[in-house]
Amino acid sequence: MLYKGKPVDLTPEQEEVATMFAVMLDTDYMTKPKFKENFWGDWRKILGRNHTIQNLDNCDFKPIYEWHQMEKEKKKQMSTEEKKALKEEKMKLEKYMWAIVDGVKEKVGNFRVEPPGLFRGRGEHPKMGKLKKRIHPSDITINIGKDAPIPECPIPGESWKEIRHDNTVTWLAYWNDPINSKEFKYVFLAASSSLKGQSDKEKYEKARMLKGYIQGIRNAYTRDFGNKDLTKRQVAVATYLIDKLALRAGNEKDDDEADTVGCCTLKVENVEPKPPNILKFDFLGKDSIRYQNEVEVELPVFKAIQQFRTGKQGGDDLFDKLDTSKLNTHLKELMPGLTAKVFRTYNASITLDDMLSRETKGGDVAENLVVYQHANKEVAIICNHQRTVSKSHSAQMTRLNEKIDELKGVIKELETDLARAKKGKPPLKNSDGKPKRNLNPEALAKKIAQTNAKIEKMERDKETKEDLKTVALGTSKINYLDPRITVAWCKRHEVPIEKVFNKSLLAKFAWSMDVDPSFRF
DNA sequence: CTAGGAACTTAGTAACGCAGTC
DNA sequence: GACTGCGTTACTAAGTTCCTAG
């Protein structure tokens, strides 16, 4: 290991860092090259938060950096045989990839335990930088059928914590999260399994059921905007926000978690009323993703929000009479099984269905796919599904622009040639002096048209690229859009389903493939 | 009711891998 | 054959919901 012998004389502070790194380097996680690159910038923050070191400026990171370079190089120079061996080693684990459930072979989702490493967390996480310890067999509880053979423990001399036979749950194994020992990590079946497929279908069926109730629910909460009972008024406004803005429920959070909010936990400072009836939202939601939105609301809602805010500090709860449990209890009175998250599914799916039916004009496959992507984007924006702009985005845009300029140059040249050809003159010589083929005006005009079409396509591509640089389309596709909407639409408009769903989505949504073409959400 | 345990879905991103390019 | 651009997959964090004991 790198720091077995001290490479240089270190100050006590440097020594502490070095020791820490030595521990880190002894973990699986650190052997991944990207780990260094992506977390390097955070080391200072991480160590600063969890250690008493004040000044890290003079710490010697160089040996660690060099160690990583060496590892990288080693991997690069690995012979094909060694690489093959590495792959085979991984394939050995394949037997852990499957489970027999009621006699059917099903794929297991996450069958490897999480390797040790540094916990980063998302956003300003209080536990950032904690060492995530290795999980041993003695930490793991296994859930299998009564007569099923107990999986062999892969570590010689060690054994599982416990073997259970609980057929009322779907997990295959669990262990306590080393970062927060009160929480659990589970091994579940993969998304493509019939168990998951079934519950997925039930989720969408529930959301479809909401369709039949939604008008009544909206009427009810609109009536209650002015209810004399403060709790009822808050329930009404919260339900309105969840319905209109697709906000999450918003459970209470502990002090040792990142400070984020959902609907029920919104703070006074998160919602600014701007007369006459605009609400300005600004808060950190799940994964510390910022939600910023200015929306026009009905006047009674605006008034109610103003009143909920009066006499409170910025950090106080906006809905002080409310929590997710009370809200969901109320929702259940309106429709069996209704909870806050159903609104997100409902609004996402209904929006897709609606936009597809309104905007599909019966064009070709490419045009239909543009319609689909547009609808998908609308949903992603409603649900606030964001992604960080890729590092190479601006470079990619520049390259696209260059290519377009290049083509524009080609057009100019072709136009000159066309003018000359019309007069019966031969085309000008190439920039490198070579003569060009003498084309007739018709051929040149055709070429110009072709090139123009190419430019137009590139301009469109450029626009969508820029448009989608911060929008994540995948999340809604995987979790919120009833696949039957997509499948039926594809059938109606002769779009191959493979153009919309990749391999894993096709597997996940296998249950939806035989839907009738007339299916509407 | 409330707190906390348990089980499940939803989420963004690092890493991988493949096709096209030079 | 290395490089690069880009979609896919793996990973695991961060939510929601349900349930039960006190």
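All values below were derived from every heavy atom in this structure, side-chain atoms included, with hydrogens, water molecules and symmetry-related copies excluded. Naming: A, B, ... by sequence-line order, numbering from 1 per chain.
Comparing B:dA6, C:dT17, B:dT9 against the side chain of A:F184 picks out B:dA6 as the nearest. The listed nucleotides are C:dT12, B:dG5, B:dC8; the one nearest the side chain of A:K196 is B:dC8. Ranking C:dT17, B:dA7, B:dA11 by closeness to the A:D287 side chain, first place goes to B:dA11. Nearest to the side chain of A:I289, among B:dG12, B:dT10, B:dA7, sits B:dG12. Of the candidate nucleotides B:dT9, C:dT17, C:dG15, C:dT17 has the atom nearest to the side chain of A:T339. Nearest to the side chain of A:R122, among C:dT17, C:dA13, B:dT10, sits C:dA13. Which of C:dT12, B:dC8, C:dT17 sits closest to the side chain of A:N328 comes down to C:dT17. Among the nucleotides B:dA6, C:dT17, C:dT12, the one closest to any side-chain atom of A:E114 is C:dT12.
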Dump the pairs, protein N or O against N or O of nucleotides 5-8 of chain C, anything under 3.5 Å, distances to one decimal.
| residue | atom | partner | partner atom | Å |
| --- | --- | --- | --- | --- |
| C:dC6 | OP2 | A:Q396 | OE1 | 2.9 |
| C:dC6 | OP2 | A:Q396 | NE2 | 2.9 |

Restricting both atoms to N or O, compile the protein contacts to nucleotides 20-22 of chain C shorter than 3.5 Å, with distance only.
none

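Side-chain nitrogen and oxygen atoms of A:S325 include none within less than 4.0 Å of the OP1 or OP2 phosphate oxygen of C:dC18. Listed pair A:S288 / C:dA14 fails the phosphate criterion, with no side-chain N or O lying under 4.0 Å from OP1 or OP2. For A:R112, a side-chain nitrogen or oxygen approaches OP1 or OP2 of C:dC11 to under 4.0 Å. For B:dC8, the OP1/OP2 oxygens have a side-chain nitrogen or oxygen of A:T170 closer than 4.0 Å. For B:dT10, the OP1/OP2 oxygens have a side-chain nitrogen or oxygen of A:K203 closer than 4.0 Å. For A:T475 and B:dG12, the shortest distance from a side-chain N or O to OP1 or OP2 is below 4.0 Å. Look at A:K286 and you won't find any side-chain N or O under 4.0 angstrom from OP1 or OP2 of C:dT16. For the pair A:Y480 and B:dA11, the criterion of a side-chain N or O lying under 4.0 Å from OP1 or OP2 is met. In this structure, A:R248 reaches the B:dA11 phosphate: one of its side-chain N or O atoms is under 4.0 Å from OP1 or OP2. Residue A:R344 has no polar side-chain atom (N or O) positioned under 4.0 Å from OP1 or OP2 of C:dT17. At C:dA14, one or more side-chain N or O atoms of A:H125 fall inside 4.0 Å of OP1 or OP2 (strictly under the cut-off).
Taking atom CG of A:N180 as the reference point, atom P of B:dG4 lies 12 Å away to the nearest angstrom. We find that CG of A:D254 is positioned 10 Å from P of B:dG5, with the value rounded to whole Å.
Residue A:K244 places its NZ atom among more than 12 non-hydrogen atoms of other residues, nucleotides or ligands, all under 6.0 Å distant. Within a 6.0 Å radius of NZ in A:K321, no more than 12 heavy atoms belonging to other residues, nucleotides or ligands are found.
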Next on the checklist: Set out, in order, the CA-CA distance, both residues' side-chain angles and the distance that settles side chain to side chain contact (heavy atoms under 4.5 Å, CB included) for A:L506 and A:I497, then state yes or no.
Outcome noted: CA-CA 8 Å; A:L506 285 173; A:I497 187 69; 4.0 Å; yes
Between A:R208 and A:D482, does a salt bridge (charged side-chain N to carboxylate O under 4.0 Å, His left out) hold up when you go through it step by step? CA-CA 9 Å; A:R208 288 180 80 203; A:D482 187 335; 5.0 Å; no
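A:D320 and A:Q234 form a side-chain donor-acceptor contact under 3.5 Å, judged by distance and modelled atom types alone. Between the side chains of A:Y480 and A:T475, not a single donor N or O lies within less than 3.5 Å of an accepting N or O.
Within 4.0 Å (heavy atoms only), A:G474 reaches no atom of the nucleic acid at all.
Partners of A:R344 according to the salt bridge (Lys or Arg N to Asp or Glu O under 4.0 Å) rule, which considers only residues two or more places apart in sequence or in another chain, do not exist here.
Using bins of under 30°, 30° to 60° and over 60° for the plane-to-plane angle, the ring pair A:W489/A:H493 lands in the tilted bin.
Checked against a 6.0 Å centroid threshold, the rings of A:W171 and A:F184 do not count as neighbours.
In terms of position along DNA chain C, the nucleotide closest to A:K107 lies nearer the 5' end than the nucleotide closest to the other residue of the pair A:K185 and A:K107.
Not a single donor-acceptor contact under 3.5 angstrom links the side-chain atoms of A:K341 to the base of B:dT9.
Judged by the 6.0 Å and 45° rule, A:K196 forms a cation-pi pair with A:F188.
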